[in-house]
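The next block holds one structure in the form of structure tokens; read it before the comments.
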Number of protein chains: 2
Amino acid sequence: MHKEHILTKNQQIIFDLIDKSPEPMKAYSILFNVQKKGIKAPLQVYRALDKLVEIGKIHKIESRNAFIACHNSSCRVAKATAFSICEICEKVTEIGSAGLSKYLANFKDKDGMKYSKYNLEFFGLCKKCR
Amino acid sequence: MHKEHILTKNQQIIFDLIDKSPEPMKAYSILFNVQKKGIKAPLQVYRALDKLVEIGKIHKIESRNAFIACHNSSCRVAKATAFSICEICEKVTEIGSAGLSKYLANFKDKDGMKYSKYNLEFFGLCKKCR
DNA sequence: ATTTAAATTGTTATAATATAACACCATGTA
DNA sequence: TACATGGTGTTATATTATAACAATTTAAAT
């Protein structure tokens, strides 16, 4: 089991914002939204984001440079993530499939190497946009 | 079968550079390297990169903001890519496993949705760095 | 309680990555 | 020839992210 991380003030403010957002948030959009709470500089945001990613409370959507809260109880640490991304509305959904994570964690490359850390982004159209 | 794309001058210059590079190249490093060939502005580089990605001659390593030439004869179009990335030396290898691509192309999310486009990045240590 | 180490914060400045807008040019084709 | 399409060259600017440094807070161990 993982240690519960107690968030610092900035981390909590930023996590709450991302967690409430229905869509991934970008760093400077986060900055804009938390300026009224006293977080004034990009670095304050990026530091909190780095930490939140590290402890698995949020994930970075690499292809979008955006961040979403983790909604997958099985990934308490940020290391093995999978998402679907709608190419029209940009909706992002975390994929919690045990089968998928099992397959990827057990995948061996041609050198027989396995990887416990990975990031997978699927692209397509979501239900609404199809 | 896919149409062969004839590259324009800028596209060819930039593709050749990336293709010769043993490691992924970043846009501004590419720019620096092609300035002697008359490509002076970031936009000229980004336009060529966009096109080369679109036609599958190169891929973008999203987590690194870097580009590598495609060395996987099966992905003639940039849509389904997988890489391993060494966290120490940053070596990136394209994974050509038919099993993996088959698994991912047939993967269904909880809504029964399949995805023909995806990008997977595995992280670990390469042979040398282990 | 006091010390100490580690982490976090606040701040200014700057680096690195990427696109907007516009005029012009090359090529293929009707 | 005219036209459409895509590529080019250019300047300016937007967006994303980090460097460097000093001050403060926190947690743990005396």
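Letters A, B, ... mirror the listed sequences (proteins, then strands); counts begin at 1. Heavy-atom basis, side chains included; hydrogens, waters and symmetry copies ignored.
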Here the distance between atom P of C:dT8 and atom OH of A:Y46, to the nearest Å, is 19 Å
For this session: Using a 4.0 Å heavy-atom cut-off across all strands, classify A:Q44 as base, sugar-phosphate, or nothing.
Result: base
Without swapping roles, check the side chain of A:E94 against the backbone of A:H71 for a donor-acceptor pair under 3.5 Å.
yes
When rounded to whole Å, the NZ to C1' distance for the pair A:K9 and C:dG10 reads 10 Å
A:N10 atom CG is separated from C:dT11 atom P, nearest whole Å, by 11 Å
- prompt: Going through the distances and angles, do A:N119 and B:E62 end up as a side chain to side chain contact (heavy atoms under 4.5 Å, CB included)?
  reply: CA-CA 10 Å; A:N119 181 57; B:E62 293 286 357; over 6 Å; no
What residues 19-26 of chain A contributes to the DNA chain C interface at heavy-atom separation below 4.0 Å is none
A:C86 and A:L125 have their tightest heavy-atom pair at SG-CA, 3.9 Å
Between CD of A:Q12 and C1' of C:dT8 the distance, given in whole Å, is 15 Å
note: B:I30, atom CD1; C:dA16, atom P; distance rounded to Å ~ 15 Å
- Could you label the plane-to-plane angle of the B:F107 and A:F122 rings as parallel, tilted or perpendicular, counting under 30° as parallel and over 60° as perpendicular? parallel
If two hydrophobic side chains count as joined below 4.5 Å and joins carry through other members, does B:V92 share a cluster with A:Y118? no
For this session: Go through the steps for A:S97 and B:K110 under the test side chain to side chain contact (heavy atoms under 4.5 Å, CB included), then give the verdict.
Result: CA-CA 8 Å; A:S97 162; B:K110 64 186 195 327; over 6 Å; no
Has A:D111 got a side-chain atom pairing as donor or acceptor with A:M113's backbone, closer than 3.5 angstrom? no
Worksheet item: Would you say the side chain of A:L100 lies within less than 4.5 Å of the side chain of A:L120, judging by non-hydrogen atoms?
Response: yes
Computed from five pairs at either end and rounded to 10 degrees, the angle between the axes of the helix from C:dA1-D:dT30 to C:dA30-D:dT1 is 40°
Report yes if a side-chain nitrogen or oxygen of A:K51 is closer than 4.0 Å to either non-bridging phosphate oxygen (OP1 or OP2) of C:dA7; otherwise report no.
no
Whole-Å distance, A:I39 CD1 to C:dT11 P, equals 12 Å
Rounded to the nearest 0.5 Å, the CD1 atom of B:I61 sits from the CZ atom of B:F83 at a distance of 4.0 Å
DNA chain C nearest-nucleotide lookup for B:L43 and A:Q11: closer to the 5′ end is A:Q11
**Asked** Hey, are A:E121 and A:R64 close enough for a salt bridge, meaning a charged N less than 4.0 Å from a carboxylate O?
**Response** no
Are OP1 or OP2 of C:dA26 and a side-chain N or O of B:T8 less than 4.0 angstrom apart? no
Rounded to whole Å, CG of B:L49 lies from P of C:dA18 at a distance of 9 Å
inquiry  = Keeping B:E87 on the side-chain end and B:F123 on the backbone end, is there a donor-acceptor pair under 3.5 Å?
reply    = no
Nearest-nucleotide check on DNA chain C, A:P42 vs A:R47; residue mapping nearer the 5' end is A:R47
A:N65 CG to C:dA16 P, in whole Å, measures 17 Å
Of A:D50 and B:K40, the one whose nearest nucleotide on DNA chain D sits closer to the 5' end is B:K40
Bounded by its outermost nucleotides with an atom under 4.0 Å from a heavy atom of chain B, the footprint on DNA chain D reads D:dG7 to D:dT11
*asked:* Main chain of A:K102, side chain of A:N106: is a donor-acceptor contact present, judged purely on distance under 3.5 Å?
replied: yes
